[in-house]
Novice: 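The structure that follows is given in the form of C-alpha cells.
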Amino acid sequence: MFEEVIEKELIFVRKYIKDIPLPLLTAFYKEFEGRSEDEVRVRQNEIFEMYSLSLSANALAIELAINQMAEIIFKPESYSVTPHGDVYFMTRGGAILTTKVDALGESRKEIENVISNWMYAIVEKPKRKMHPYQKNLVAKITEIEPLLTNYDYESAKRVLNDYGLKPVEALLLAFGVIPCKETIRLYLPRLISLFYYNGMPVHTIQLTNTDSGKSYFGIRCEFAFNFTSFSEFPSPAKLIYDARNASKGAVFVSNGIVIDEIDKLNKQRFEESYQPLNTGLENGIWRRGVQTISGINLEGYRLIPFILFGNILQGEDPLYLVAENPRNTVISLLDNATGMSTYSFVERFAIVDVIYKRIPILDYVIKKDGIYGSMRDSVLRALISLIQERIKIQEIDGYGIVNGRLRRHAEAVYNIVSALFGEEVEFDDKDICKVVAGELTVEELLNKVFKEKEQSTPEVEVIDFTKMNAKV
C-alpha cells in the first residue's frame, strides 16, 4: 500500500559507524549525496566525531590538548550572556564554549532563535580562565555557523496530497515506520504533542514496554525540531536555571522537552522541580525559588511541549495492573517514587497513556536492503507545519466526564486527532473526554473508531455454499 511513497519520498542512508545515531545521519543526509562509499564512510566518521565532542567534556579536552583546536557540532543545553556581550554555552557533555553575542546575530530575537538551534563551531584552547563561576572546561569559539532549520513544503504537500495518505500515516512514514494499527496506537500520543492548540502546547506521558522506539523518537525530535531529550529526569539547574552561573536551562534553548525513564524517577530532583514544573507546564512561566550570585531572581516565559516516557516492565514482570485507569496508574507510580502527591502535576498532561501490549518497533521500521529509511527532517518539519494549519478551534462539551483543565485538554486532543486522521474519520468528542480522563484507552478509542468506519462501509453479501448444500 505504501510502496510508491516509500520509493519516491524516503531516504536511505547506510550506517558505516556502529554507534552513530540514525537521526544524526538523517539530519546530515545532504553531506552524503553524490559521494562514493569510501567518502561517505569518512564523512560519517567526521560528523560523528564532531557530534561526540559535544557529549563529552573529556573528549573535547583531549582534542584541544593534542591539536589546540577542535570542530564541534552541538546544541546548547544552557546558556548565559553577560552585559559585556560574552555568551557562554554549556554543552551536553558539560564543557563551556564562549563567543561574543554579535557573532550570533544583530537583534535579540535573531540571537535567541540561533541559540535554540544546532551549531557548528571551531573552538580553541583558551589562554586563561574565561568563565567567572565555573570550573568546567572552557573553550573559545573562533568560528560559528548556526545550522538553521529549513522546511521543504513542496515535498510535504506532495506527500499529503498525491498518495492518498492520512496525515497520521504521512508522519509515521516520515519517522521511518510502517503505518498500521500497532504503530498508530504507539505513536499517536507522541505525535499529539508535536502540535499546539490555540497557541498552547499539549503534554503527554506514555509508559510502554521496552523496545518501543522511545529513545529514537526523542533523538529524532532533537534534530528535527530542536527539542532536548533527557535519558533521565534532569535537575532544575539543567531544566530551568542554574543559579551558580545565571545560565538559562533547557526550556529556554529548546522547542520541546523529552524525558525518559520516569519510572526510575530521582526523588530529590523531582521534589526540587515540582513547583516550577507545575507553573511552567500550565502557563509557560518558568521560575526558580533561588537567586543568582548577583541577587537576580530567575524567571522567564516559554510555552513548549513536554513528553515523558517510562517503561511498564521490570524484567518480565508487569509493574501495574492492566485494568487500572492509566491516569491513576501514573499518579500512583509517581506518588510511590517521590512520597508526594503528584495529582496536580499529572493533571497538566493531556494524554496519560499506558501500553501493556509489547510492540517491538524494529518489526515495523522501514528497511531496504537492510538500510533504514525515513523522510528528510525538512519534510518532517513541513508536514507538522501544514497539519498544524488544519487544526480547527472547536469547543466540545465535557459531558460531566472532564471539567476545567481536563476539559481543555480534551478539546485540544479532539481537534488535533481530527486533523491527523482527516475528514474521512470522525471521532466522538465524548470518547475523547473518556480518553483524557483515563476511562477509555487510546487503543479502545482507535478500535471503536475503525470498527464504526468498517460498519458504515456497504458490505457485499457472502453466500455460505456449505449451508446451501446442506439444505439440498
Side-chain angles (χ1 to χ4, degrees), residues 168 171-172 175 177 179-195 197 201-222 225 227-234 256-265 270 277 281 304-314 318-335 337 342 345-362 364 406 409-410 412-413 416-417 420 432 434-447:
V168 67
L171 288 176
L172 285 172
F175 273 97
V177 176
C180 63
K181 178 182 174 182
E182 286 77 11
T183 54
I184 291 174
R185 181 344 176 188
L186 184 64
Y187 264 75
L188 182 59
R190 308 175 187 182
L191 296 177
I192 287 171
S193 282
L194 300 182
F195 298 94
Y197 178 71
V202 182
H203 311 301
T204 292
I205 297 176
Q206 187 183 62
L207 304 182
T208 73
N209 280 275
T210 55
D211 303 322
S212 62
K214 299 187 292 290
S215 297
Y216 170 83
F217 183 86
I219 297 172
R220 184 75 194 273
C221 287
E222 281 199 317
F225 308 118
F227 278 37
T228 293
S229 179
F230 292 101
S231 58
E232 61 182 3
F233 202 89
I257 302 290
V258 178
I259 302 174
D260 203 355
E261 305 285 356
I262 64 161
D263 53 303
K264 304 177 183 67
L265 198 61
F270 184 79
L277 266 174
L281 289 168
I304 58 172
F306 272 62
I307 303 174
L308 272 53
F309 286 134
N311 291 320
I312 199 67
L313 285 186
Q314 190 169 37
L319 292 174
Y320 321 103
L321 296 173
V322 174
E324 183 69 75
N325 176 311
R327 193 169 282 276
N328 292 341
T329 294
V330 171
I331 291 171
S332 176
L333 177 146
L334 296 181
D335 284 357
T342 59
F345 171 73
V346 176
E347 195 180 36
R348 266 69 177 171
F349 291 80
I351 295 289
V352 180
D353 183 34
V354 180
I355 305 179
Y356 298 93
K357 180 181 177 181
R358 181 173 168 79
I359 306 176
I361 197 63
L362 287 177
Y364 303 96
L406 292 186
H409 291 335
V413 172
I416 291 171
V417 296
L420 282 171
I432 298 294
K434 290 180 179 179
V435 169
V436 169
E439 297 177 10
L440 193 71
T441 67
V442 174
E443 184 170 1
E444 289 168 337
L445 172 71
L446 293 173
N447 287 341

Novice: State the CD1-CZ distance between Ile262 and Phe309, to the nearest 0.5 angstrom.
Specialist: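 Going from CD1 on Ile262 over to CZ on Phe309, the span is 10.0 Å.
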Novice: Among all residues two or more places apart in sequence or in another chain, which pass the side chain to side chain contact (heavy atoms under 4.5 Å, CB included) test with Thr228?
Specialist: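 Applying side chain to side chain contact (heavy atoms under 4.5 Å, CB included) to Thr228 gives Lys75, Arg92, Glu222, Phe230, Ala250, Ser254, Ile257.
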Novice: Within the 4.5 Å heavy-atom criterion, are Leu194 and Pro305 side-chain neighbours or not?
Specialist: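 When only atoms from C-beta onward are counted, Pro305 and Leu194 do not touch, as no gap falls below 4.5 Å.
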Novice: Under the salt bridge (Lys or Arg N to Asp or Glu O under 4.0 Å) test, which residues partner Lys181, sequence neighbours left out?
Specialist: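 For Lys181 there are no salt bridge (Lys or Arg N to Asp or Glu O under 4.0 Å) partners, ignoring immediate neighbours.
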Novice: Should Tyr187 and Val168 be marked as a side chain to side chain contact (heavy atoms under 4.5 Å, CB included) after you check the CA-CA gap, both sets of side-chain angles, and the distance that decides it?
Specialist: CA-CA 9 Å; Tyr187 264 75; Val168 67; over 6 Å; no
Novice: Rounded to the nearest 0.5 Å, what separates atom CZ in Arg185 from atom CD1 in Ile355?
Specialist: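 Answer for the CZ-CD1 pair, Arg185 versus Ile355, is 3.5 Å.
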Novice: What are the two closest heavy atoms between Pro179 and Leu172, and how far apart are they?
Specialist: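 Smallest interatomic distance, heavy atoms only, reads CA-CD1, 3.8 Å.
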Novice: Taking side chain to side chain contact (heavy atoms under 4.5 Å, CB included) as the test, write out the residues that go with Ala437, two or more places apart.
Specialist: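 Residues passing side chain to side chain contact (heavy atoms under 4.5 Å, CB included) with Ala437: Ile401, Val402, Glu439.
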Novice: Looking at side-chain heavy atoms only, is the closest gap between Val435 and Val442 below 4.5 Å?
Specialist: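 A side-chain contact exists here, since the closest heavy-atom pair is under 4.5 Å.
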Novice: Once side chain to side chain donor-acceptor pair (under 3.5 Å) is applied, do any residues pair with Ser193, and if so which ones, sequence neighbours excluded?
Specialist: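 So Ser193 forms a side chain to side chain donor-acceptor pair (under 3.5 Å) with Thr204.
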Novice: Checking Asn328 now: which residues fulfil side chain to side chain donor-acceptor pair (under 3.5 Å) with it, not counting sequence neighbours?
Specialist: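 By the side chain to side chain donor-acceptor pair (under 3.5 Å) rule, Asn328 matches no residue at all.
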Novice: Atom CD1 in Ile192, atom CG in Leu420: separation rounded to 0.5 Å?
Specialist: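 Here the rounded value is 7.0 Å.
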Novice: Could you give me the CA-CA distance, side-chain angles and deciding distance for Thr210 and Arg358, then say whether side chain to side chain contact (heavy atoms under 4.5 Å, CB included) is met?
Specialist: CA-CA 8 Å; Thr210 55; Arg358 181 173 168 79; 3.8 Å; yes
Novice: Short question: side chain of Arg327, backbone of Val346 - any donor-acceptor pair under 3.5 Å?
Specialist: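 Answer holds: yes.
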Novice: Arg348 and Leu281: which non-hydrogen atoms are nearest, and at how many Å?
Specialist: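 Where Arg348 meets Leu281 most closely, the heavy atoms are CG-CB, 3.7 Å.
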Novice: If you look at every heavy atom in Gly438 and Pro326, which pair is closest and at what distance?
Specialist: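 The answer is O-CD, 3.4 Å.
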Novice: Name every donor-acceptor pair, under 3.5 Å, that has one atom in a side chain of residues 212-219 and the other anywhere in the protein, sequence neighbours excluded.
Specialist:
from   : atom 1 : to     : atom 2 : distance (Å)
Ser212 : OG     : Thr208 : OG1    : 2.6
Ser212 : OG     : Asn209 : O      : 3.3
Ser212 : OG     : Lys214 : NZ     : 3.3
Lys214 : NZ     : Thr208 : OG1    : 2.9
Lys214 : NZ     : Asn209 : O      : 3.2
Lys214 : NZ     : Asn311 : OD1    : 2.9
Tyr216 : OH     : Phe175 : O      : 3.3
Tyr216 : OH     : Arg220 : NH1    : 3.4

Novice: Taking side chain to side chain donor-acceptor pair (under 3.5 Å) as the definition, give me every residue that meets it alongside Tyr197, ordered by chain and number, with sequence neighbours left out.
Specialist: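 Tyr197 satisfies side chain to side chain donor-acceptor pair (under 3.5 Å) with Glu411, Asn415 once adjacent residues are dropped.
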Novice: My understanding is that only residues two or more places apart in sequence, or in another chain, count here; which of them pass side chain to side chain donor-acceptor pair (under 3.5 Å) with Glu347?
Specialist: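 Counting only residues at least two positions away or on another chain, Glu347 forms a side chain to side chain donor-acceptor pair (under 3.5 Å) with Arg405.
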Novice: Would you say Leu362 and Asp211 make side-chain contact, with heavy atoms under 4.5 Å?
Specialist: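 Answer no - side chains too far apart.
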Novice: Phe233: what forms a ring pair (Phe, Tyr, Trp, His ring centres under 6.0 Å) with it, not counting sequence neighbours?
Specialist: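 If we apply the ring pair (Phe, Tyr, Trp, His ring centres under 6.0 Å) test to Phe233, skipping adjacent residues, the hits are Phe270.
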Novice: Let's go through Gln206 and Ile351 carefully: what are the C-alpha distance in whole Å and the side-chain angles of both, what is the deciding distance for side chain to side chain contact (heavy atoms under 4.5 Å, CB included) to 0.1 Å, and is it a yes or a no?
Specialist: CA-CA 8 Å; Gln206 187 183 62; Ile351 295 289; over 6 Å; no
Novice: Looking at CG of Leu334 and CD1 of Ile205, how far apart are the two atoms once the value is rounded to the nearest 0.5 Å?
Specialist: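 Spacing of CG (Leu334) from CD1 (Ile205) equals 6.0 Å.
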Novice: How far apart are the C-alpha atoms of Leu277 and Phe306, what are their side-chain angles, what is the distance that settles it, and do they pass the side chain to side chain contact (heavy atoms under 4.5 Å, CB included) test?
Specialist: CA-CA 10 Å; Leu277 266 174; Phe306 272 62; 3.8 Å; yes
Novice: In the structure I gave you, are the side-chain heavy atoms of Leu186 and Val177 within less than 4.5 Å of one another anywhere?
Specialist: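 No, every pair of side-chain atoms sits at 4.5 Å or beyond.
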Novice: Over all heavy atoms of both residues, which pair between Asp260 and Gly310 is shortest? Give the atoms and the distance, please.
Specialist: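 Distance-wise, the nearest heavy atoms are OD1-N, 4.2 Å.
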Novice: Between Leu308 and Val330, is there a side-chain heavy-atom distance shorter than 4.5 Å?
Specialist: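 In short, these two side chains do not touch, never coming nearer than 4.5 Å.
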Novice: Looking at Ile432 and Ala410, what are the two nearest heavy atoms and their distance?
Specialist: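 Distance-wise, the nearest heavy atoms are CG2-O, 3.4 Å.
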Novice: Mind checking what makes salt bridge (Lys or Arg N to Asp or Glu O under 4.0 Å) contact with Asp335, not counting sequence neighbours?
Specialist: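 So Asp335 forms no salt bridge (Lys or Arg N to Asp or Glu O under 4.0 Å) with any residue.
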Novice: Mind checking salt bridge (Lys or Arg N to Asp or Glu O under 4.0 Å) for Glu232 and listing every partner two or more places apart, or none if nothing turns up?
Specialist: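 If we apply the salt bridge (Lys or Arg N to Asp or Glu O under 4.0 Å) test to Glu232, skipping adjacent residues, the hits are Arg269.
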Novice: Listed by chain and number, what are the side chain to side chain contact (heavy atoms under 4.5 Å, CB included) partners of Thr441, not counting sequence neighbours?
Specialist: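 Expected list: Glu443, Glu444.
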Novice: If you round to the nearest 0.5 Å, how far is CD1 of Ile331 from CZ of Phe345?
Specialist: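 The CZ atom of Phe345 sits 11.0 Å away from the CD1 atom of Ile331.
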Novice: Mind listing the closest non-hydrogen atom pair of His203 and Phe349 along with its distance?
Specialist: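 That would be CB-CD2, 3.3 Å.
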